[in-house]
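After the structure tokens below, expect a handful of questions from me.
Indexing begins at 1, ligand by ligand and atom by atom, following the structure's order.
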Amino acid sequence: MTVTIVGSQLGDEGKGGVVDLYGDAADVVARYQGGDNAGHTVVHDGEKYKLSLVPSGAVRGKIGVLGNGCVVNPETLFDEIDTLRERGLEPDVRVSERAHVILPYHRALDGIEEEEKEDLAAGTTKRGIGPTYEDKAGRRGVRVGDLLDPDTLRERLEYVVPQKKALAEEVFDKETGEEFDIDHLYETYREYGERLAEEGMTVDCGTFLQNRIDAGDNVMLEGAQGTSLDIDHGVYPYVTSSNPTAGGATVGTGLGPTVIGDGEVIGIVKAYLSRVGTGPLPTELGGVEGQTPDYDAADGAGDGAGADEEALATAIRDEGGEYGTVTGRPRRVGWLDMPMLRHAARANGFTGLAVNHIDVLSGLDTVEVGHSYEFDGEEIFTMPPTTEQWGRCEATFKSFDGWPDVDWTAVAEDGYEAIPENARTYLEYISDELDAPIYAVGVGPGREETVVVENPYE
Ligand code: IMP
């Protein structure tokens, strides 16, 4: 069977921990979208591994698959594999021949366009994700299978590279180097193709996964980013360029929708909200200069709440470690946004929920939740379709009594009933509103600090 793991908010919900937790019972862990924009840390036998492309299951001896919906930077792929090998692991990673390849000009153009866009910039990771998906849709991309076939690779590069070079030089007025040089790209990427072939890493993803399922294997489909970063269902244009939602799991692997639908789809919810990058955020607390629109330190998130809110935001940010893993820059934080979650529950069809980080909110007198929005004088319960409309939404809050800080490791051992009562009330509200049962509750950063209510593979 399959278990699909989907972020229900704006990424960084703690999906890695859940993949880790349930991944023990999985034989294969496949990613279905995104590329090396998905930084995560895996702790195994006391060792920390930082990965951004290779599925985390590969650290634990599972087969890791990058599906056709992924965009693959071979340089990152082999760097991560080599690092894991140097540390004594034997990662088994397979890559779909249908997946598109991130080339150096995609990375260069990602940076160039972000600069040019100014207010419309999504604050991308500058890994070339958007430009690669653009070329996929424009039918001028290079696929992993093309790297194994030098004549096709050469033909594709000869068509596309002059266009990219002209775009950089003539439209954006930038100097270009070897990242736009056909011969250099051809030699480098042909060699990557040779290595992929030598190591037998390429697969026809849908067939590979279906064969494993037919043989009785458990397959986990690991979504990166989150529903509100989805190119179709997210807060466009402040989104990534792929479909993290559960529908992406079928298109991005080649497994049929009925196969995915026969399994479980677990929504990962962070008990509050965090956001990297710009765009509206109706439940935001305080603000972060350069990311919160019209940010004014004296005025909090533009609502006049000022210093108290700023202090609360800082406390949650510090407690939850809400600072970028690579850049160290503070993430924006806010209360839970229920209209965002109702939208996610519908778009993904969650069969279960894992709610993370309830320990981060402990010790507060009250915990607020954005229950609905006031939008142009009306109360609405889900996100409106455009981001401009979302920016006009004012959250209507519901208050919950806070819960104490307790020995969360003991809570994780003792089970759901050991969670402080007020926190359970909060969890049950989320479950009722989203019409999905709680499968797991994250009560701390460690793998063992999770209350497991249900194991989807059992
Ligand atoms: P891109 O995916 O690099 O094109 O970035 C597009 C948007 O998605 C930006 O706002 C990024 O900050 C955001 N984003 C991409 N990957 C992640 C992630 O793994 N966690 C949180 N935000 C992400």
What atoms of ligand 1 come within less than 4.0 Å of a heavy atom belonging to V239?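 What qualifies from ligand 1 is 6 (C), 7 (C).
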If we count only N and O atoms by modelled type, under 3.5 Å, do the side chains of Q9 and T227 hold a donor and an acceptor together? no
Provide, to 0.1 Å, the distance between atom 17 (C) of ligand 1 and the closest protein heavy atom, together with that atom's residue and name. Q225 CG, 3.5 Å
The answer for which part of L229 has a heavy atom under 4.0 Å from ligand 1 is side chain
As an exercise, identify every atom of ligand 1 less than 4.0 angstrom from a heavy atom of V276. 10 (O), 12 (O)
Looking at the rings of Y426 and Y429, which for Trp means the six-membered one, are their centres under 6.0 Å apart?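 Aromatic pair excluded; centres sit 6.0 Å or further apart.
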Please check: side-chain N/O of Q389 versus main-chain N/O of T387, any donor-acceptor pairing under 3.5 Å?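 Here the side-chain-to-backbone pair does not exist.
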Is any side-chain N of the basic residue among E368 and K398 closer than 4.0 Å to the acidic one's carboxylate O?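 Salt bridge flag = no for K398 with E368.
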Looking only at protein heavy atoms, which one is nearest to atom 9 (C) of ligand 1, and how far off is it? A122 O, 3.2 Å
Contact check, R127 vs ligand 1, heavy-atom distance below 4.0 Å: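 The answer is no, since R127 has no heavy atom less than 4.0 Å from ligand 1.
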Distance to 0.1 Å, residue and atom name: give those for the protein heavy atom nearest to atom 5 (O) of ligand 1. T124 CA, 3.3 Å
Polar atom proximity, T125 to ligand 1 (N or O, under 3.5 Å):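 There is such a contact, yes.
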Give the residue and atom name of whichever protein heavy atom lies nearest to atom 2 (O) of ligand 1, and the separation in Å to one decimal.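 Of the protein heavy atoms, T240 OG1, 2.6 Å lies nearest.
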Within a distance under 4.0 Å of any heavy atom of G123, pick out the atoms of ligand 1 and give their elements. 9 (C), 10 (O), 11 (C), 12 (O)
Show the atoms of ligand 1 that are less than 4.0 angstrom away from any heavy atom in D12. 20 (N), 21 (C)
Numbered atoms and elements of ligand 1 in range of A38, under 4.0 angstrom, heavy atoms: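 Reading through ligand 1 atom by atom, the close ones are 19 (O).
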Parallel, tilted or perpendicular: ring planes of Y49 versus H44, cut at 30 and 60 degrees: tilted
Give the contacting part of D110 toward ligand 1: side chain, backbone, both or neither, where contact means a heavy-atom distance below 4.0 Å.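 The answer is neither.
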Specify side chain, backbone, both or neither for L10, according to which of its non-hydrogen atoms lie closer than 4.0 Å to ligand 1.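 Within the 4.0 Å criterion, L10 contacts ligand 1 through backbone atoms alone.
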Any luck finding a side-chain donor-acceptor pair between N218 and D27 under 3.5 Å?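 Their side chains do not contain a donor-acceptor pair, so the 3.5 Å distance test is not met.
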I want to check a possible cation-pi pair here: R195 against Y192, using under 6.0 Å from ring centre and within 45° of the ring axis as the test. no
Hey, does the side chain of T253 reach the backbone of G67 with a donor-acceptor pair shorter than 3.5 angstrom?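 Judged by distance alone, no pair lies under 3.5 Å.
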Taking E199 first and then R85, would you say they form a salt bridge - that is, a charged N and a carboxylate O separated by under 4.0 Å? yes
Charged N-O contact under 4.0 Å between E115 and K174: yes
Short N/O distance, under 3.5 Å, between N37 and ligand 1?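 Looking only at distances, the answer is yes, because the N/O contact criterion of under 3.5 Å is met.
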Judged by non-hydrogen atoms, does A224 sit under 4.0 Å from ligand 1?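 Judged by the 4.0 Å heavy-atom criterion, A224 does not count as contacting ligand 1.
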